[in-house]
Asker: 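A single structure is presented below for examination.
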2 protein chains.
Amino acid sequence: MPWEKSFDEDLAVENAMQVFWKKGFDSASISDLIEGTGINRGSLYNAFGGKQSLFVKALLKYDADRQAMLARLEALDDPKKAISAFFDSIVANTVADEQHKGCFMFNTALDISAHDNEVRQIVTNGVSEIEAFLRRCIEVGQARGDIRSSMDAKATAKSLLAMIVAIRVLGRGVFAEAALQEIADQAKRLIE
Amino acid sequence: MPWEKSFDEDLAVENAMQVFWKKGFDSASISDLIEGTGINRGSLYNAFGGKQSLFVKALLKYDADRQAMLARLEALDDPKKAISAFFDSIVANTVADEQHKGCFMFNTALDISAHDNEVRQIVTNGVSEIEAFLRRCIEVGQARGDIRSSMDAKATAKSLLAMIVAIRVLGRGVFAEAALQEIADQAKRLIE
DNA sequence: TATAGTTTAGAATGATCGGTATAGACTATC
DNA sequence: GATAGTCTATACCGATCATTCTAAACTATA
């Protein structure tokens with residue numbers, strides 16, 4: 001019998017994710033993906049089927065990372081602090097990325113009409129989960145007396161989501177760190 | 001002597017704007033632009049120089065329209081109402097567009113790294129002007145006693161801008177009308 | 001060592017891209 | 001009607017795109 005598969009598919013998807021994240025679906029060429037993953041043309045098609053299919057795998061990986069991060073924040077068991085930490089990490093990540101890639105999911109959301117239903121569904125679901133996380137944080141915070149109970153949890157969660165979207169979009173090159181932090185601070189003040 | 005130029009350049013730019021707005025710079029092909037403007041290939045290159053140059057003209061036209069709209073709102077001479085009307089019109093425009101094109105300027109902002117300095121500058125300036133408009137509205141409203149003077153005008157203007165970005169981005173296919181209106185309502189409540 | 005399956009590099013394919021060039025139809029002036 | 005300049009249609013160019021294919025190099029088993 002011959003040997004086993006020799007390259008790490010997960011690592012390849014991770015690398016492909018970086019390429020798609022940086023360039024977007026259209027602008028990322030197969031050659032870019034070959035270079036980024038270090039995998040040969042033939043192997044790439046054999047392992048992943050094609051560009052579209054690889055993109056979905058990359059987006060799913062990004063989505064899994066997002067899910068893990070939200071779970072970590074929720075495990076803090078301190079809703080107000082979780083929201084605060086969430087915003088700080090978003091600003092920090094946005095600023096730290098010299099390539100100004102923004103958020104892969106929101107980038108895709110703005111380009112949503114160019115994608116099929118599978119992609120659309122992943123994005124819609126991801127955004128909904130962020131919103132639900134924020135709402136849960138607010139509601140638990142209210143139950144504990146950490147957050148004003150006069151506040152409309154559902155509507156405020158949407159506002160916070162809006163702030164996140166804005167930080168990610170404007171952080172791609174329009175706003176500098178100070179302005180992004182200002183938005184984040186305003187977001188935190190919303191739940192004071 | 002020969003005749004004068006026969007097609008309407010402004011109308012052509014308007015039509016090209018629609019094409020770029022819908023498809024984005026990369027995905028809009030010259031063939032799309034020929035079809036969209038109804039102008040022949042040769043004439044298009046002769047009149048506008050090329051794709052990049054036509055894109056800039058289209059973006060400038062969009063920017064001029066935006067400027068005119070803000071001026072109209074400011075002429076209401078009722079800052080609080082101006083902000084409110086601004087948000088209502090954004091939601092209305094977003095929902096009314098069956099093609100879910102979003103905002104041409106924000107679409108370009110998210111794609112900013114693919115563009116040159118001229119485009120970057122138009123977008124940055126446009127965003128700044130919206131922010132300045134919001135801030136002016138708040139400050140004038142405060143001076144008139146229509147808006148709480150305890151509010152930080154600069155920071156609140158950024159929050160409102162964030163809401164606008166979010167409505168425009170999420171309105172491209174992730175959120176439906178009710179959710180977008182909810183964000184707008186939250187924005188209005190911010191200045192209550 | 002022979003074999004089977006995976007790797008690699010790269011050629012080939014057909015389509016489309018932005019941009020240029022050409023040739024004829026058209027129209028206002030002379 | 002001749003002329004000059006702008007229009008249209010279309011052919012062409014080199015480049016790049018996603019994808020498929022070929023053929024040789026490699027490696028673990030038999």
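Residue numbers begin at 1 in each chain, while the letters A, B, ... track the order of the sequences.
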Asker: Would you confirm whether the ring centroid of A/Phe20 sits within less than 6.0 angstrom of the ring centroid of A/Tyr62?
Answerer: no

Asker: What is the distance, rounded to the nearest whole Å, between atom OH of B/Tyr45 and atom P of D/dT6?
Answerer: 20 Å

Asker: To the nearest Å, how far apart are B/Phe48 CZ and C/dG19 P?
Answerer: 14 Å

Asker: Measure from CZ on B/Phe25 to P on C/dC17 and round the result to the nearest Å.
Answerer: 13 Å

Asker: Figure out the NZ/P separation between B/Lys51 and C/dG18, and round it to whole Å.
Answerer: 4 Å

Asker: Please determine whether a side-chain nitrogen or oxygen atom of B/Ser43 lies at a distance below 4.0 Å from atom OP1 or OP2 of D/dT6.
Answerer: no

Asker: We want to know whether A/Asp111 and A/Thr108 form a side-chain donor-acceptor pair, criterion being a heavy-atom distance below 3.5 angstrom.
Answerer: no

Asker: Heavy-atom nearest nucleotide on DNA chain D for B/Gly38 versus A/Gln52: which residue maps closer to 5'?
Answerer: B/Gly38

Asker: If I take atom CD1 in residue A/Ile30 and atom C1' in nucleotide C/dT16, what distance separates them, rounded to the nearest angstrom?
Answerer: 16 Å

Asker: Rounded to whole angstrom units, what separation is found between the CD1 atom of A/Ile34 and the P atom of C/dA11?
Answerer: 13 Å

Asker: Whether the A/Asn125 and A/Gln121 side chains hold a donor-acceptor pair (N or O, under 3.5 Å, no angle test) is what I'd like checked.
Answerer: no

Asker: Is the ring pair A/His115/A/Phe55 parallel, tilted or perpendicular, if the boundaries are 30 and 60 degrees?
Answerer: parallel

Asker: Measure from CZ on A/Arg41 to P on C/dA11 and round the result to the nearest Å.
Answerer: 11 Å

Asker: Rounded off to whole Å, could you give me the CG-to-C1' distance for the A/Asn46 and D/dT20 pair?
Answerer: 12 Å

Asker: Over all strands shown, is B/Ser29 touching base, sugar-phosphate only, or nothing at heavy-atom distances under 4.0 angstrom?
Answerer: sugar-phosphate

Asker: On DNA chain D, does the nearest nucleotide to A/Ser31 precede the nearest nucleotide to A/Gly42 from the 5' side, or the other way round? Give the residue.
Answerer: A/Ser31

Asker: Counting only side-chain N and O atoms of A/Asn40, is one of them less than 4.0 Å from OP1 or OP2 of C/dA9?
Answerer: yes

